Amino acid sequence: MNDSVFKTVRPVKAADESIRKNFLRENGWFIAMGSSLMIALSGSFAGMIISGLSYLNYFSDRETMKILGTLLIVFAAPLYFLAAHCLDKLDLQQTKRK
């Protein structure tokens with residue numbers, strides 16, 4: 001058996017930990033913006049589809065589906081605000097670097 005493969009595996013060092021922390025510090029706002037924007041877009045899109053289908057009498061329980069669609073749209077609004085806040089923080093970080 002060739003032992004050269006096992007020699008390349010190394011334990012996690014303090015430098016690797018600092019790289020990970022630095023990555024999250026620099027890209028944390030970008031990650032938060034992207035995830036909140038994706039969840040908000042998918043939630044509001046699903047809410048619009050459910051509300052539209054309930055208005056067309058596609059579901060047997062029309063009132064519950066209308067409420068569910070409306071709630072999805074309403075719950076997506078704070079996520080849009082969070083994405084806008086993260087975008088402001090990203091802009092502030094870029095202006096500080098210049």
Side-chain angles (χ1 to χ4, degrees):
M1 185 170 173
N2 192 356
D3 289 334
S4 64
V5 173
F6 296 112
K7 290 180 183 177
T8 59
V9 176
R10 60 182 173 83
V12 177
K13 295 181 180 175
D16 294 337
E17 187 68 23
S18 67
I19 290 171
R20 184 185 65 82
K21 285 181 182 178
N22 197 19
F23 175 78
L24 288 177
R25 187 179 303 124
E26 289 179 1
N27 298 320
W29 290 114
F30 184 74
I31 293 168
M33 182 194 67
S35 60
S36 65
L37 191 60
M38 286 292 122
I39 293 170
L41 284 174
S42 61
S44 60
F45 184 69
M48 288 190 311
I49 296 294
I50 290 173
S51 293
L53 290 176
S54 68
Y55 283 118
L56 296 174
N57 293 328
Y58 188 74
F59 300 113
S60 61
D61 194 8
R62 181 179 177 204
E63 290 301 317
T64 304
M65 288 301 168
K66 270 201 308 192
I67 292 170
L68 177 66
T70 304
L71 283 176
L72 282 172
I73 294 170
V74 168
F75 287 151
L79 292 173
Y80 285 121
F81 295 140
L82 177 63
H85 173 71
C86 293
L87 190 61
D88 288 340
K89 290 291 187 177
L90 280 172
D91 186 43
L92 186 65
Q93 275 183 354
Q94 287 180 355
T95 54
K96 282 184 178 178
R97 287 183 188 169
K98 290 181 180 180

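All of these numbers come straight from a predicted model, not from anything done at the bench. Residues take their numbers from the sequence shown, with the count starting at 1.
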Roughly how far apart are Cys86 SG and Phe81 CZ, rounded to 0.5 Å?
13.5 Å
Please name all residues satisfying side chain to side chain contact (heavy atoms under 4.5 Å, CB included) with Leu71, sequence neighbours left out, ordered by chain then number.
Ile67, Phe75
To which residues is Val74 joined in a hydrophobic cluster, defined by side-chain heavy-atom contacts under 4.5 Å among Ile, Leu, Val, Met, Phe, Trp and Tyr, whether direct or through other members?
none
Please, which pairs that meet salt bridge (charged side-chain N to carboxylate O under 4.0 Å, His left out) have at least one residue in residues 78-90, sequence neighbours excluded?
none
With Leu92 via side chain to side chain contact (heavy atoms under 4.5 Å, CB included) - residues at least two apart
Thr95, Lys96
So how far is it from Leu87 CG to Asp91 CG, rounded to the nearest 0.5 Å?
7.0 Å
Do the side chains of Ile73 and Phe45 join up, straight or via other hydrophobic residues, at under 4.5 Å, putting them in one cluster?
yes
Can you list every side chain to side chain donor-acceptor pair (under 3.5 Å) pair that touches residues 63-80, not counting sequence neighbours?
Ser44-Tyr80, Asp61-Thr64
Roughly how far apart are Leu79 CG and Ser42 OG, rounded to 0.5 Å?
9.0 Å
Donor-acceptor pairs under 3.5 angstrom involving side-chain atoms of residues 48-58: please list them, not counting sequence neighbours.
residue, atom, partner, partner atom, Å
Ser51, OG, Gly47, O, 3.0
Ser54, OG, Ile50, O, 3.3
Ser54, OG, Ser51, O, 2.8
Asn57, OD1, Arg62, NE, 3.4

Find out if a path of hydrophobic residues (ILVMFWY) with successive side-chain heavy-atom gaps under 4.5 Å connects Phe30 to Ile39.
no
